[in-house]
Structure formats: C-alpha cells, structure tokens
Q: 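For reference, the structure I am asking about is given below.
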Amino acid sequence: MEWVYIEDIARHAGKEVEIKGWVWRRRASGRIAFLHLRDGTGFMQAVIEKTNDNEELFERVRKLDIESSVVARGTVREDPRAPGGYELVLNDLVVVQEPVEPFPIRKKDHGIDFLMDHRHLWIRSKRQFHILRVRHEVIRAIREFYNERGFVLVDTPIFTGSVGESAGNTFELDYFDYGKVYLAQTGQLYLEAACMALGKVYNLGPTFRAEKSKTRRHLIEFWMNEAEVAYYEHEDNIRLQEELVSFVVSKILERASTHLLEIGRDLKKLEKIEPPFPRITYDEAIDFLKKKGFGIDWGDDMGGDEETAISLEFEKPVIIERYPRMAKAFYMQPDPDRPEVVLCNDMIAPEGYGEIIGASQRIHDYDLLVERIREFNLPLENYDWYLDLRKYGTVPHSGFGLGVERTVSWICGLDHVREAIPFPRMLYRLKP
RNA sequence: UCCACCGUAGCUCAAUGGUAGAGCGCCCGGCUGUUAACCGGGUGGUUGGGGGUUCGAGUCCCUCCGGUGGAGCCA
C-alpha cells in the first residue's frame, strides 16, 4: 500500500493509501468515530463507521488517546463534511506507540509559561505548525531573492575575536588559552570584507545579544539576514531593502497564504506591500513625534513607542532615514550635505511590529573611519583588519540587517517573537 | 538592573480576614457525520517556599523563589 503525505491527499482520491502520523483529535459516538490525524505536512480526518466486520478496530479507534503514533490505512474519499474536503475511510490501523501518560497540551486554554515549558510538545499544535511553516517559507524566499540576483552567500563566523559595533551586550567565552572570544552580534564587518571580494554578498544565521530585554520584540538568540554590496550608496541600499521585503511578502502570499489564513492573518494588509515604501527623515520623525506629545528632542534615539506611533501612520513599512551620527554606530557614512547626520535608515514594519531592518552606507575613507573610532572611544587595535579594507582599493559600499523573527512575527501577525522561532532563547529561559 | 502585575486541582481561573469552588481535562457510561462535538455520572488541593500579624490568613505585612508585561538597548 502506498504511503502518502496529507499535503498530497487530494491527488489520491478514491485510492487506498497509508498515512503515517499521529492522532491529533478523536471524537466518537456509538456507531461512528473520527480520528483527526496529523503527519507533519498537514491535518486530515479519518472516519470509521461500526459494522459487523470491524467491531474490534472500531473499539480500538474510539479509545485511542491523542498523540498516539499510528499508521492508518484506508480509502481517500472526497466529502464536503470533512475539514479540508477529504477524509480517510479507515479499514486498518496500526498503533506504533500509545503515550505512556496523557499528552499535557490538550484542547483547552494554556498560559504562556506552561506552553513555553512544553515548547518541545507545543510545536505539534496546529497554530505552531502553521507559523513554523511560514518561517520556513520566509527563509526560503530570502535565499531565493539573493540567489536570483547574483548575490553570493558568505557565511560569517559565530566566534569573533574583536567585538562588532558595541562593546557591551556581547556574550563572552573562553577560547582555549587564547583568551576571550565573543559570540557574533552581527556579521557585517565580515560582509564588508567579502563584498570587496565578491561584489554582492549576503548571510543568514544566528546572532547573539546579551541584552536583558524582556519584550515582545526581543530574543537573546535571533536569526539575521545581512546583505552588503560594493559600490552601493544610500539610495541603492534602500531600493534593495524595499525589493527584498516586497519579494518575501509576495512569495509568502503565493505559497503560504493558507497557513496565514489558518492563524487568522488578514491578507489584505500584506497585499499592499510593494515598492516604493513611504520615507521620512529623522528630522521629520522628531517633528511628528513632538506634535503627538512625545517628550523627545533632536539627537535622541527612538524607542519602541515612538516607532509604533510612526508605523501606525502608514500601511506599508516605513523608512526612517538620516539619523544624527552620535545616535548611531561609528562606521556610518556622513551625509555630504549635512555632516551631523549619517546615510542610514531603519525600516519599521506596519501595525506596530517595530524595526525589522537597520541599514547604512559605510564609511570607506580610511582617515575618517579612524577619526570616528577614536571619537566613539573604541580600541583602534580591534579594528586593524577592518581598517585594512580602506587601504586597498576602497569603494563606497552599503548594507543592512533584517531580523528574521520580527519579519515572521509581522507577516503572521503574532503578538510575540517567541512563536516565530522553533526554540526561542530568552532571558532565563533555555529549556527546552 | 529598574518599574508594574501575577503565583489556588493536570490546565485556565473564582473565593468581603470566617466550611477552598467552577469550567475544561482525565476515568466510566450513552449517543449513526463529528468540527473546541454533545448528554449523564465519577476523579481531583502541602493555595510557590519561609517567617510574621490575628481568635482565625488563599486573602494583610516581610522575605526568598518562579513567571508575565514593559523600560533602557537593539533586528
């Protein structure tokens, strides 16, 4: 008998097949019983009506506990009463294992603490199934975007000898007798080196921030996609970001809209996402926030509430550009017309989802970069190889980092990034 | 690190300082198409730990532990 996956079931209507999976739900009356099965690719129901010939099977089915692993055999039947339109008319069932005790996550309300403690089991639930499938499609679309445009994947290291941009907030560990090394907060400096070798480069991997942040937008370990392009300037950079985000959203709508609908996402909001995105300068943002009554002055960085207030003004992601240079990282290129601001931008997702991209044109002039490193009181010796890049054929270049979980969270309409990654690492939460 | 809130049955939550309860789950029975099935019966407690106030504490106070949300910082 042919083993088929639930996602392919429609192609097997009328045929006798085998499904290998788990019992998701069970309902039974005196004469008819339903088993809702899942197999990792989807959910479907199996049905059995009691007859003179199948009493033994019927009794086994109506007593099966949820999360029993089973191999179910039967005929695929199209039926409008079945969720999904197809069901399996059972004629045989092999139990691989029955749970040794009742599965803890049942059809009822659970608090987040309980669910997080049971994350290894929680991911079997329907909502998590759909979210993790969307995450998979988001990452697939990101890779596709770059690959179609001739970018080269450059995997940047997790262990780094020198600190990235800021000295605090890094995880420090012992590296044999070499001394201290740090877990990467960003691969940017390496991508800057790589773009001088390969032109257009990107990475996609985990990054680590030792920040004691406890908010719906923060993870300690999160996945970031970064891109860096030689000869790209500020405007080229923004255009690339708009195209990336629009591409990802359109691919999700194309391939994963059923998942989004299952978790209650309003697709109309995503269908509006196409370039160009609205743009405001930092100056305009500050004026707007002051009018809204925020106690913020020119030179201050924006917090989550400020970003949310701005994002709610637009239906698409909004680009905020040209921040004061002292509020941003040392390596950002000054605006030639206004040296007090830098050629950078953030991209703020709609509906209050916050910053999903941080971007800038990088300083390519050796002397200016040295001056900035000194101005920010950073140890010059840590940046020896980074400065080298400015000694040999330096060119303008630009890049950005996209937060994968925040993007997934926005696309899915989640209320916390912890559901956008299979096993979130959060403050004081490392299990499972 | 700081601020706020929370911790009671397996889970989600009630309980004016005065006999610890409900719904769901689970177990048993019933039900011929269920969609969070339904109906009947049963099961269920060191009220997070310690100390204190009080005739009496789930409730008030102190302290510790754990959790959630937020701030700062960022993707």
Side-chain angles (χ1 to χ4, degrees), chain A residues 24-36 43-51 58 62-63 65-66 77 79-85 87 89 99 101-118 125-127 164-170 184-188 204-226 241 245 300-308 327-329 346-349 353-359 400-410 415-418 420-421 426-429:
Chain A
W24 163 245
R25 293 287 181 255
R26 184 206 65 216
R27 288 182 207 97
S29 63
R31 293 242 166 238
I32 189 163
F34 298 92
L35 277 186
H36 285 234
F43 295 76
M44 80 177 293
Q45 76 175 16
V47 60
I48 179 168
E49 287 183 73
K50 192 175 178 182
T51 66
F58 184 84
R62 66 185 290 263
K63 291 191 167 147
D65 197 9
I66 67 170
R77 180 167 70 190
D79 192 310
R81 293 171 295 187
E87 63 189 10
V89 183
E101 52 188 73
F103 193 69
I105 302 174
R106 311 196 78 93
K107 47 194 166 181
K108 62 190 176 213
D109 295 335
H110 292 290
I112 194 61
D113 182 30
F114 181 84
L115 289 171
M116 289 299 289
D117 282 343
H118 295 83
S125 73
K126 218 166 196 173
R127 180 178 165 81
E165 27 193 300
S166 55
N169 307 344
T170 50
Q185 294 184 304
T186 168
Q188 180 199 318
L204 182 60
T207 53
F208 307 87
R209 304 278 167 95
E211 297 160 358
K212 293 198 169 178
S213 302
K214 271 174 75 76
T215 82
R216 71 188 67 226
R217 301 184 307 280
H218 286 89
L219 294 168
I220 304 299
E221 175 183 314
F222 69 95
W223 282 61
M224 187 155 66
N225 156 238
E226 295 173 282
Q241 297 162 44
V245 171
D300 296 341
D301 210 349
M302 279 176 247
D305 290 346
E306 286 87 353
E307 286 175 356
T308 297
K328 286 288 175 179
D346 287 348
M347 185 187 292
I348 314 296
Y353 278 96
E355 183 179 346
I356 54 171
I357 283 180
F400 61 87
L402 171 84
V404 170
E405 287 77 18
R406 285 187 184 177
T407 302
V408 172
S409 188
W410 160 51
D415 51 16
H416 199 298
V417 288
R418 66 184 155 221
I421 185 168
M426 306 200 303
L427 200 55
Y428 311 130
R429 207 179 253 291

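Just so it is clear, the structure is predicted and the values come from calculations on it, not from any experiment. Proteins get letters first, then strands, A, B, ... in listed order; numbering begins at 1 in each. Heavy-atom basis, side chains included; hydrogens, waters and symmetry copies ignored.
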Q: B/rC11, B/rC74, B/rG33: which one has an atom nearest the side-chain heavy atoms of A/Asp79?
A: B/rG33

Q: Give me the distance, rounded to whole Å, that separates B/rA57 from B/rG69 when you measure between the P atoms they each carry.
A: 35 Å

Q: Base, sugar-phosphate, or nothing: which does A/Arg127 touch, judged by heavy atoms less than 4.0 Å apart?
A: nothing

Q: Quick test of the criterion, 5.5 Å between centres and less than 30° between planes. Is A/His218 stacked on B/rC74 or not?
A: yes

Q: Over how many whole Å does the gap from A/His110 atom NE2 to B/rU68 atom P extend?
A: 16 Å

Q: Taking B/rU43 as the reference, what is the distance to B/rA22 when you measure between their C1' atoms (whole Å, please)?
A: 15 Å

Q: What about A/Arg27, does its side chain sit under 3.5 Å from the base of B/rU34 through a donor-acceptor pair?
A: yes

Q: Could you give the distance separating B/rU8 and B/rG58 at their C1' atoms, to the nearest angstrom?
A: 6 Å

Q: Is there a side-chain polar atom (N or O) of A/Arg429 under 4.0 Å from OP1 or OP2 of B/rU68?
A: yes

Q: Within the structure shown, what part of the strands sits under 4.0 Å from A/Glu405 by heavy-atom distance: base, sugar-phosphate, or nothing?
A: nothing

Q: Which atoms form the tightest heavy-atom contact between A/Asn169 and A/Gln185, and what is the distance?
A: O-NE2, 2.9 Å

Q: What integer distance in Å separates A/Arg62:CZ from B/rU34:P?
A: 17 Å

Q: Looking at the side chain of A/Tyr428, which of B/rG67, B/rA71, B/rG33 is the nearest nucleotide?
A: B/rG67

Q: Does the A/Glu405 side chain pair with the main chain of A/Trp223, one donor and one acceptor, at a distance under 3.5 Å?
A: yes

Q: Rounded to whole angstrom units, what separation is found between the CG atom of A/Leu219 and the C1' atom of B/rA75?
A: 10 Å

Q: Determine the Euclidean distance between corresponding C1' atoms of B/rG66 and B/rG48; express it in Å to zero decimal places.
A: 7 Å

Q: Return the 5'-most residue of the pair A/Arg81, A/Asp415 with respect to RNA chain B, ranking by each residue's nearest nucleotide.
A: A/Arg81

Q: Flag the pair A/Asp65 and A/Arg26 as a salt bridge only when some basic side-chain nitrogen lies within less than 4.0 angstrom of an acidic carboxylate oxygen.
A: no

Q: Could you tell me which non-hydrogen atom of A/Ala359 sits nearest to which non-hydrogen atom of A/Ile357, and how far apart they are?
A: CB-CG2, 4.1 Å

Q: Give me the distance, rounded to whole Å, that separates B/rG50 from B/rU59 when you measure between the P atoms they each carry.
A: 13 Å

Q: Could you list the residues that satisfy salt bridge (charged side-chain N to carboxylate O under 4.0 Å, His left out) with A/Asp300, not counting sequence neighbours?
A: none

Q: Tell me if a side-chain donor or acceptor on A/Thr215 pairs with a main-chain N or O of A/Arg217 at a distance below 3.5 Å.
A: yes

Q: Measure across A/Glu307 and A/Gly354 and return the closest heavy-atom pair with its distance rounded to 0.1 Å.
A: OE1-CA, 3.8 Å

Q: Closest approach of A/Leu219 and A/Val417, non-hydrogen atoms and distance?
A: CG-CG2, 3.7 Å

Q: Taking only side-chain N and O atoms of A/Arg216, does any of them lie within less than 4.0 angstrom of OP1 or OP2 on B/rG69?
A: no

Q: Assign A/Ala28 to base, sugar-phosphate, or nothing according to its heavy-atom contacts below 4.0 angstrom with the strands shown.
A: base

Q: Considering only side-chain heavy atoms of A/Asp305, which listed nucleotide, B/rC11, B/rC31, B/rA71, is closest?
A: B/rA71

Q: At 4.0 Å (heavy atoms only), tell me whether A/Gly111 reaches a base, stays on the sugar-phosphate, or touches nothing.
A: sugar-phosphate

Q: Rounded to the nearest angstrom, tell me the gap between atom CD1 in A/Ile220 and atom C1' in B/rC73.
A: 11 Å

Q: On a heavy-atom basis, which atom in A/Glu355 and which in A/Arg406 lie closest, and how many Å separate them?
A: O-NH1, 2.9 Å

Q: Whole Å only: how far is the CD1 atom of A/Ile348 from the C1' atom of B/rC74?
A: 11 Å

Q: Provide the distance between the two C1' atoms, one in B/rU53 and one in B/rG45, to the nearest whole Å.
A: 26 Å

Q: Tell me what A/Glu211 touches on the nucleic acid: a base, only sugar-phosphate, or nothing, going by heavy atoms under 4.0 Å.
A: base

Q: In whole angstroms, how far is the P atom of B/rA75 from the CD atom of A/Glu226?
A: 9 Å

Q: How would you label the contact of A/Asp301 with the nucleic acid (heavy atoms, under 4.0 Å): base, sugar-phosphate, or nothing?
A: sugar-phosphate

Q: Do side-chain atoms of A/Glu87 reach the backbone of A/Ala82 as a donor and acceptor pair under 3.5 angstrom?
A: no

Q: Report the residues that fulfil side chain to side chain donor-acceptor pair (under 3.5 Å) with A/Thr308, sequence neighbours left out, ordered by chain and then residue number.
A: none

Q: Tell me what A/Ile356 touches on the nucleic acid: a base, only sugar-phosphate, or nothing, going by heavy atoms under 4.0 Å.
A: sugar-phosphate

Q: Does A/His118 have a side-chain nitrogen or oxygen under 4.0 Å from the phosphate oxygens OP1 or OP2 of B/rC11?
A: no

Q: Measuring only the C1' atom in each nucleotide, how far is B/rG51 from B/rU12? A whole number of Å is fine.
A: 31 Å

Q: Are A/Phe222 and B/rA75 stacked, counting the six-membered base ring, centres under 5.5 Å, planes under 30°?
A: yes

Q: Rounded off to whole Å, could you give me the CG-to-P distance for the A/Leu427 and B/rC73 pair?
A: 17 Å

Q: Determine the contact category for A/Arg217: base if any of its heavy atoms lies under 4.0 Å from a base atom, sugar-phosphate if only primed atoms, P, OP1 or OP2 are that close, otherwise nothing.
A: base

Q: Can you find a donor-acceptor N/O pair under 3.5 angstrom joining the side chain of A/Ser213 to the base of B/rC74?
A: no

Q: Which heavy atom of A/Gly358 sits nearest to which heavy atom of A/Asp346, and what is that distance?
A: CA-OD1, 3.7 Å

Q: Rounded to the nearest Å, what distance is computed from the CD1 atom of residue A/Ile112 to the P atom of nucleotide B/rU68?
A: 8 Å

Q: Going by side-chain contact (heavy atoms from CB on, under 4.5 Å), name the residues that satisfy it together with A/Ile66, two or more places apart in sequence or in a different chain.
A: A/Arg25, A/Phe103, A/Arg106

Q: What residues form a salt bridge (charged side-chain N to carboxylate O under 4.0 Å, His left out) with A/Asp79, not counting sequence neighbours?
A: A/Arg81

Q: Under 4.0 angstrom, heavy atoms only, what part of the nucleic acid is A/Arg418 near: base, sugar-phosphate, or nothing?
A: sugar-phosphate

Q: Have a look at A/Phe34 and say if it touches a base, only the backbone sugar-phosphate, or nothing, with a 4.0 Å heavy-atom cut-off.
A: base

Q: Could you please name the option among B/rU68, B/rA75, B/rG67 that lies closest to any side-chain atom of A/Arg406?
A: B/rA75

Q: Sticking with atom P, work out how far B/rC62 lies from B/rA4, rounded to a whole angstrom.
A: 12 Å

Q: Polar pairs (N or O, both sides) under 3.5 Å between protein and nucleotides 2-8 of chain B?
A:
none

Q: Answer with base, sugar-phosphate or nothing: what part of the nucleic acid does A/Arg106 contact at a heavy-atom distance below 4.0 Å?
A: sugar-phosphate

Q: For the side chain of A/Glu87 and the base of B/rG33, is some donor closer than 3.5 Å to an acceptor across the two?
A: yes

Q: If you write RNA chain B from 5' to 3' in dot-bracket form, with Watson-Crick or G-U pairs under 3.5 Å, [ ] for crossing pairs and | for pairs with another strand, what do you get?
A: (((((((..((((....[..)))).(((((.......))))).....(((((..]....))))))))))))....

Q: Would you classify A/Pro83 as touching base, sugar-phosphate or nothing, given that sugar-phosphate means primed atoms plus P, OP1 and OP2, and contacts are heavy atoms under 4.0 Å?
A: base

